[in-house]
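This report concerns only the one structure given below.
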Amino acid sequence: KAQEKAYGELLRLVNRQEEGLNTSAGVGLTLVDIDDRVVIKSISEPHNLLSEGDQVCMLDRTPLAGIPADNIATMLLGEEGSVVILSVLKPHEDRYTHVTLVRSA
C-alpha cells in the first residue's frame, strides 16, 4: 500500500512535468542505490541533519522501500519554495531523523 502511494506520487510529478508545470526545483541531494537501499551520495550544501551515507526511507511520511534512487530523486523535485519532509536512517542508528527541506532551483 505504501509503495503504491509512493508510485502514485511519482506519476503525479511526471504528469505535472508533461503539463509544463514547474517541478524543476530540488533539494540538493544526489542519491544512489546500494544493496537494496537508497543512500545520500552527496549534498550540494552543508546540512546539519543530513550526511552522506544516510539511508533515505520516507518522503512526506510515505515509505520508499523498493523504489530506486532515480525515482526518488524525481519525487524530490517540485516547485521552488515548496517543502518536503525527508526521513533518513543514519548509519548505526535505529531511529528516523526527519528533516524538512525547501526546494530551490
Side-chain angles (χ1 to χ4, degrees):
K1 175 105 177 155
Q3 190 172 19
E4 289 176 15
K5 182 178 176 185
Y7 274 116
E9 176 68 8
L10 179 60
L11 289 174
R12 186 185 68 75
L13 289 170
V14 168
N15 289 336
R16 288 181 61 129
Q17 289 173 335
E18 289 174 357
E19 292 170 7
L21 299 173
N22 179 17
T23 56
S24 60
V27 294
L29 301 177
T30 302
L31 307 177
V32 63
D33 293 298
I34 298 178
D35 299 328
D36 296 325
R37 297 177 300 123
V38 174
V39 299
I40 297 173
K41 180 179 179 181
S42 64
I43 304 171
S44 64
E45 295 182 20
H47 196 283
N48 62 342
L49 293 176
L50 295 176
S51 305
E52 293 175 4
D54 289 352
Q55 179 182 351
V56 177
C57 299
M58 289 188 279
L59 177 63
D60 290 333
R61 308 277 182 187
T62 300
L64 300 171
I67 300 176
D70 289 345
N71 291 1
I72 294 172
T74 300
M75 294 168 73
L76 287 169
L77 297 175
E79 293 190 38
E80 187 168 7
S82 63
V83 174
V84 63
I85 299 170
L86 191 66
S87 301
V88 300
L89 278 176
K90 299 196 164 289
H92 311 295
E93 288 190 12
D94 60 355
R95 64 178 177 84
Y96 293 114
T97 298
H98 305 285
V99 182
T100 301
L101 302 169
V102 178
R103 294 176 173 111
S104 63

Task: Cluster check Val56, Tyr96: I/L/V/M/F/W/Y, side chain < 4.5 angstrom - done: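 Unlinked, Val56 and Tyr96 end up in two clusters.
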Open item on the list: When you group the ILVMFWY residues by side-chain heavy-atom contacts below 4.5 Å and let the links chain together, are Leu101 and Met58 in the same group?
Closed with: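 No, separate clusters.
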Once rounded to the nearest 0.5 Å, what's the spacing between atom [atom1] of [X] and atom [atom2] of [Y]?
{"X": "Met75", "Y": "Asp60", "atom1": "CE", "atom2": "CG", "answer": "8.5 Å"}
{"X": "Leu77", "Y": "Ile72", "atom1": "CG", "atom2": "CD1", "answer": "12.5 Å"}
{"X": "Thr97", "Y": "Leu50", "atom1": "OG1", "atom2": "CG", "answer": "8.5 Å"}

For residues 82-94, run the donor-acceptor check on the side chains, cut-off 3.5 Å, and write out each pair with its distance to 0.1 Å, sequence neighbours left out.
unit_1	atom_1	unit_2	atom_2	d
Ser82	OG	Glu79	O	2.6
Ser82	OG	Arg103	NH1	2.9
Ser87	OG	His98	ND1	2.6
Lys90	NZ	Leu49	O	2.8
Lys90	NZ	Asp54	OD1	3.4
Lys90	NZ	Asp54	OD2	2.7

Would you list the atom pairs, donor with acceptor, under 3.5 Å between side chains in residues 29-40 and any protein atom, with sequence neighbours excluded?
unit_1	atom_1	unit_2	atom_2	d
Thr30	OG1	Ser42	OG	3.1
Asp33	OD1	Ala69	N	3.0
Asp33	OD2	Ala69	N	3.3

